[in-house]
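Scroll down for the structure; my scribbles are underneath it.
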Amino acid sequence: MSVFLDRLPYTGELPASFDTVGRQPYAGLGYAPDDESAAELCAQLAATHDIVFYTDHWNMRLAGLFPKAGGEVAYFGFWETSGALLLNQVAFDQLYQDAAARGFRVVQGPLHFSTYFRYRLRLGAVPSWRQFNREPVNPPYYPGMLEELGFQPALTFESHHLLAQDVPLVYEQQRTVQEQLHQLPFEFIALTPPVWDELEDEIFELIQQIFGQNPAYRAVSKAQFRVLYNHAYAEGLCPHASVLFRHQPSGRLAALSLCQPNYHALGRAISEHPVYARDYPRLTTRTLLAKTVGVHPDFQGQGLQALLAAYAMQEFRAHYDDVIFCLMRRDNRSLRFLKNLPTEVAHYALFEREVSSE
């Protein structure tokens with residue numbers, strides 16, 4: 001059986017079929033990936049990556065993302081497919097050949113240039129919440145297809161949904177931490193849009209420091225960071241749970257927690273970013289998403305992860321019914337916080353495969 005496939009090196013424009021192919025697998029699923037500007041990402045990252053698209057313009061699209069600096073790992077991204085295995089075998093074989101020709105040993109994905117942007121697949125059954133903001137979502141057959149193509153999970157992640165009836169258990173477990181919250185040398189800065197604008201440079205540097213040692217992390221420029229993390233993003237944050245901790249003796253930012261309601265149930269137009277002041281009052285299900293939480297390496301080991309949770313708990317019951325702790329790596333120490341709590345769990349993975357040099 002012959003397979004028609006175009007191999008298209010990126011020259012400033014996405015394939016004309018890019019969006020059409022990307023939408024097709026999600027028809028009727030009731031969920032789809034959140035909007036991400038592939039055109040803007042490719043335009044910005046083309047300076048540091050060779051980008052090659054493989055597509056039949058109807059049933060499958062795939063991009064090879066090859067760092068120009070070289071190294072061990074190349075990436076695949078922007079992968080969407082209707083499920084034709086042979087077509088995907090041909091496309092990935094071409095990607096492997098391109099990776100091997102550039103000296104890469106491993107291909108990982110899906111990963112859109114950096115962990116700042118879309119990456120990973122969701123595994124298993126669709127969870128009760130169906131989708132939260134910027135959650136990796138995909139047709140259920142994607143993980144199995146990657147395994148048929150020779151990929152295996154390289155990193156695994158979990159999201160934990162704590163139901164409303166079980167929230168009191170957290171308060172019981174964290175009573176001592178809450179009592180300590182205002183006894184330590186930290187200033188708590190509620191993260192509102194004006195605060196984000198004022199402290200954007202410090203926030204950017206703090207996030208680089210916190211997550212810079214994570215597997216699969218690749219540093220991004222300030223301009224690339226601002227594609228997703230900007231004033232509009234800050235407008236969607238919950239001002240009651242999102243916070244920066246500043247170490248008072250040194251004046252340095254020590255930790256952050258970026259939380260927001262799950263706006264997905266509102267069914268907003270995909271181009272309309274959420275705004276807490278406008279959208280929170282419209283929610284009928286009040287679920288808090290604990291999204292990006294971390295402590296600067298210089299301040300780790302001081303219990304700040306627990307203090308970040310205690311800060312959010314101060315006003316949680318006045319504004320939310322339940323909470324999802326989102327996208328934590330399975331070896332993350334933060335999972336100890338959930339060890340004895342009854343939660344619904346969703347699983348995710350970043351996949352990899354070795355590249356043959358033959």
Side-chain angles (χ1 to χ4, degrees), residues 1 3 5-10 15 18 21-22 25 33 36 38 41-42 45 48-56 59-124 136-158 213-218 327 329-331 346-358:
M1 179 179 177
V3 172
L5 193 74
D6 268 342
R7 178 187 178 277
L8 304 170
Y10 175 75
F18 186 89
V21 175
E36 182 178 65
L41 286 183
C42 289
L45 276 298
T48 55
H49 292 73
D50 292 326
I51 304 168
V52 181
F53 292 100
Y54 316 88
T55 182
D56 72 338
N59 294 298
M60 192 277 303
R61 74 180 197 204
L62 174 70
L65 310 174
F66 308 108
K68 291 183 178 181
E72 293 282 301
V73 183
Y75 302 93
F76 75 87
F78 306 105
W79 177 56
E80 303 290 358
T81 180
S82 63
L85 180 60
L86 178 59
L87 183 62
N88 282 273
Q89 287 173 332
V90 173
F92 274 94
D93 282 347
Q94 290 197 12
L95 189 152
Y96 304 147
Q97 293 171 21
D98 286 340
R102 291 168 169 81
F104 294 102
R105 186 183 64 82
V106 172
V107 171
Q108 284 186 349
L111 188 150
H112 295 183
F113 297 107
S114 167
T115 55
Y116 279 102
F117 309 113
R118 183 182 168 197
Y119 77 109
R120 301 168 287 200
L121 293 183
R122 187 164 70 182
L123 313 178
V137 297
N138 44 268
Y141 57 83
Y142 276 23
M145 177 170 286
L146 280 188
E147 291 183 355
E148 288 191 76
L149 293 167
F151 284 85
Q152 295 295 325
L155 295 171
T156 54
F157 307 80
E158 298 176 355
Q213 300 305 311
N214 285 359
Y217 177 89
R218 294 187 70 86
L327 299 169
R329 222 171 59 242
R330 286 192 66 185
D331 59 354
H347 300 274
Y348 317 83
L350 177 71
F351 288 77
E352 75 173 20
R353 176 187 154 151
E354 291 190 2
V355 175
S356 172
S357 59
E358 297 179 3

So do the side chains of Pro136 and Leu327 get within less than 4.5 Å of each other, counting heavy atoms only? yes

Looking at Gly64 and Leu95, what are the two nearest heavy atoms and their distance? CA-CD1, 3.6 Å

Side chains of Val21 and Asn59 in contact at under 4.5 Å (non-hydrogen atoms): no

Should Tyr119 and Tyr348 count as side-chain neighbours, where that means a heavy-atom distance under 4.5 Å? no

Evaluate Leu62 against Phe53 for side chain to side chain contact (heavy atoms under 4.5 Å, CB included), listing each step before the verdict. CA-CA 6 Å; Leu62 174 70; Phe53 292 100; over 6 Å; no

Decide side chain to side chain contact (heavy atoms under 4.5 Å, CB included) for Val137 and Arg122; before the verdict, give the C-alpha distance in whole Å, the side-chain angles of both, and the deciding distance to 0.1 Å. CA-CA 6 Å; Val137 297; Arg122 187 164 70 182; 3.7 Å; yes

Rounded distance [0.5 Å steps], CD in Gln97 versus CZ in Arg102: 11.5 Å

Is it true that Thr55 and Asp6 share a donor-acceptor pair across their side chains at a distance under 3.5 Å? no

Look up atom CG in Asp93 and atom CG in Leu5, then write down how far apart they are to the nearest 0.5 Å. 10.5 Å

To the nearest 0.5 Å, how far apart are CG in Leu65 and OH in Tyr75? 9.5 Å

Separation between CG (Leu111) and CD (Glu352), nearest 0.5 Å, reads 12.0 Å

Side chains of Arg353 and Gln152: does their closest heavy-atom pair fall under 4.5 Å? no

Any heavy-atom pair between the side chains of Phe351 and Pro153 that's under 4.5 Å? yes

Is any side-chain heavy atom of Tyr10 closer than 4.5 Å to a side-chain heavy atom of Leu8? no

Can you tell me how far the CD atom of Glu36 sits from the CZ atom of Arg118, to the nearest 0.5 Å? 7.0 Å

Contact summary for Phe104 and Gly71, nearest pair of heavy atoms: CD2-O, 3.4 Å

Pairwise side-chain contact, Thr156 with His347, heavy-atom cut-off 4.5 Å (strictly under): no

Check: Phe76 ring centre within less than 6.0 Å of Phe92 ring centre: yes

Can we call the ring centroids of His49 and Phe66 under 6.0 Å apart? no

In Å, rounded to the nearest 0.5 Å, how long is the span from CE of Met145 to CG of Leu121? 11.5 Å

Which residue pairs satisfy the side-chain hydrogen bond (donor to acceptor under 3.5 Å, both in side chains) criterion with at least one member in residues 136-147, sequence neighbours excluded? Glu80-Tyr142

Are any non-hydrogen side-chain atoms of Gln108 and Val73 less than 4.5 angstrom apart? yes

For Ala99 and Val355 the tightest heavy-atom approach is CB-CG2, 4.2 Å

Between Ala38 and Phe78, what is the shortest heavy-atom contact and its length? CB-CE2, 3.6 Å

Would you sort out whether Leu146 and Trp79 count as a side chain to side chain contact (heavy atoms under 4.5 Å, CB included), showing the intermediate values? CA-CA 11 Å; Leu146 280 188; Trp79 177 56; 3.7 Å; yes

One thing to verify: whether Glu158 and Arg330 come together as a salt bridge, which I'm taking to mean a side-chain N less than 4.0 angstrom from a carboxylate O. yes

Heavy-atom closest pair (His112 atom, Gly77 atom, distance to 0.1 Å) is CD2-CA, 3.7 Å

Any carboxylate oxygen within less than 4.0 angstrom of a Lys/Arg side-chain nitrogen, looking at Arg61 and Asp56? no

